[in-house]
S.K.: 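I'd like to ask some things about the structure below.
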Amino acid sequence: EAGVAQSPRYKIIEKRQSVAFWCNPISGHATLYWYQQILGQGPKLLIQFQNNGVVDDSQLPKDRFSAERLKGVDSTLKIQPAKLEDSAVYLCASSSPGGRSEQYFGPGTRLTVT
Amino acid sequence: AQSVTQPDIHITVSEGASLELRCNYSYGATPYLFWYVQSPGQGLQLLLKYFSGDTLVQGIKGFEAEFKRSQSSFNLRKPSVHWSDAAEYFCAVGADSGNTGKLIFGQGTTLQVKP
């Protein structure tokens, strides 16, 4: 079974530029999560989708971050414009529906904003 | 507010020695608790989880954890550490009583294994 795929793996941009990350979840997983992991910290949930609907985006900085999950499969997370403090690893995870389902994580995208 | 604290940022143990990683949580109701491991350049992998029942939980790779409600703790243990266990370990609590799957993570503990 293929795992959660993310691309790109690494990205370096200058502040005020825009960037997009892509995630392909495990086949059949209706729930998809985007986490931000700043160096030295644990992952923080940015947004959670159930199929193509948003369940929780309370910690998403909506003035600069956006995410979509068209057709309830792949998802993209965009930052525009980027700030220095956005430097982090962005993790995508997927799971079957329900709070007790195991979340499977992708390898992450390491973003450096200079 | 719900929170998870991992008091030890960095731990070094010798190969073959026992290991205990500490985790304390703050949560009003019965918590759903998890331990994840993250190797360099990789995503997180679930080691074990506690939802209810037996407070001693067995996981993969020889790890176990014990839920102690009176101490608000969920410490991870392994009787004999292998060099391949060197990684970062995260404790997490399921928010919203586990209804949505939202997780709140601790800051992590980096484990170094000496030969």
Side-chain angles (χ1 to χ4, degrees), chain A residues 1-10 21 23-26 29-51 53-60 88-111, chain B residues 1-10 21-25 27 29-53 57 59-60 74 76 87-110:
Chain A
E1 178 182 86
V4 177
Q6 291 188 247
S7 68
R9 292 295 310 276
Y10 305 91
F21 312 128
C23 173
N24 180 237
I26 291 173
H29 280 186
T31 308
L32 186 146
Y33 309 81
W34 282 103
Y35 290 88
Q36 179 192 56
Q37 185 178 16
I38 294 173
L39 185 66
Q41 299 181 19
K44 181 184 79 172
L45 180 67
L46 292 176
I47 188 167
Q48 177 184 349
F49 291 95
Q50 180 80 9
N51 296 308
V54 175
V55 174
D56 186 338
D57 64 356
S58 58
Q59 298 194 86
L60 186 73
V89 175
Y90 291 85
L91 295 165
C92 179
S94 70
S95 73
S96 300
R100 299 191 177 200
S101 298
E102 178 178 349
Q103 294 184 29
Y104 293 84
F105 285 79
T109 296
R110 181 176 297 277
L111 174 67
Chain B
Q2 301 150 1
S3 66
V4 176
T5 302
Q6 294 180 245
D8 305 305
I9 295 175
H10 192 108
L21 302 182
R22 296 184 291 165
C23 172
N24 295 100
Y25 66 89
Y27 192 73
T30 299
Y32 294 163
L33 295 162
F34 307 79
W35 273 100
Y36 283 84
V37 61
Q38 185 177 34
S39 298
Q42 298 187 24
L44 280 73
Q45 181 184 21
L46 181 66
L47 286 175
L48 47 78
K49 59 189 176 185
Y50 171 79
F51 291 150
S52 63
V57 180
I60 62 171
F74 188 57
L76 182 71
E88 191 153 20
Y89 292 80
F90 293 94
C91 181
V93 64
D96 306 323
S97 300
N99 290 329
T100 63
K102 178 179 179 178
L103 297 177
I104 297 172
F105 286 87
Q107 69 180 75
T109 297
T110 301

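Naming: A, B, ... by sequence-line order, numbering from 1 per chain. Atom set for the values below is all heavy atoms of this structure, side chains included, hydrogens, waters and symmetry mates excluded.
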S.K.: Is the distance from the ring center of A/Tyr33 to that of A/Tyr104 below 6.0 Å?
M.R.: no
S.K.: Measuring heavy-atom distances to chain B, does A/Ser96 have an atom under 4.5 Å in its side chain, in its backbone, in both, or in neither?
M.R.: neither
S.K.: When only pairs under 4.5 Å are counted, which of A/Pro43, A/Pro97, A/Pro107 shares the most heavy-atom pairs with chain B?
M.R.: A/Pro43
S.K.: Which region of A/Gln37, side chain (C-beta onward) or backbone (N, CA, C, O), has a non-hydrogen atom less than 4.5 Å from a non-hydrogen atom of chain B, or is it both or neither?
M.R.: side chain
S.K.: Is B/Gln45 in contact with chain A via its backbone, its side chain, both, or neither, using a 4.5 Å heavy-atom distance?
M.R.: neither
S.K.: Please classify the contact of A/Gln103 with chain B as side chain, backbone, both or neither, using a heavy-atom distance under 4.5 Å.
M.R.: both
S.K.: Using only atom types and a distance under 3.5 Å, with no angle test, would you say the side chain of B/Gln6 pairs donor to acceptor with the backbone of B/Tyr89?
M.R.: yes
S.K.: Could you tell me which non-hydrogen atom of B/Phe105 sits nearest to which non-hydrogen atom of B/Val4, and how far apart they are?
M.R.: C-CB, 4.1 Å
S.K.: What pair of heavy atoms forms the shortest contact from A/Val55 to A/Gln50, and how long is it?
M.R.: CG2-CB, 3.4 Å
S.K.: Against chain A, label B/Leu103 side chain, backbone, both or neither, depending on which of its atoms sit under 4.5 Å from a heavy atom there.
M.R.: both
S.K.: Can you name the closest pair of heavy atoms from B/Gly106 and B/Phe90 and give their distance?
M.R.: O-CD2, 3.5 Å
S.K.: So, for A/Leu111 and A/Phe21, which heavy atoms are closest and what is the spacing to 0.1 Å?
M.R.: CD2-CZ, 3.9 Å
S.K.: Which bit of A/Arg9 is near chain B, if near means a heavy-atom gap under 4.5 Å: side chain, backbone, both or neither?
M.R.: side chain
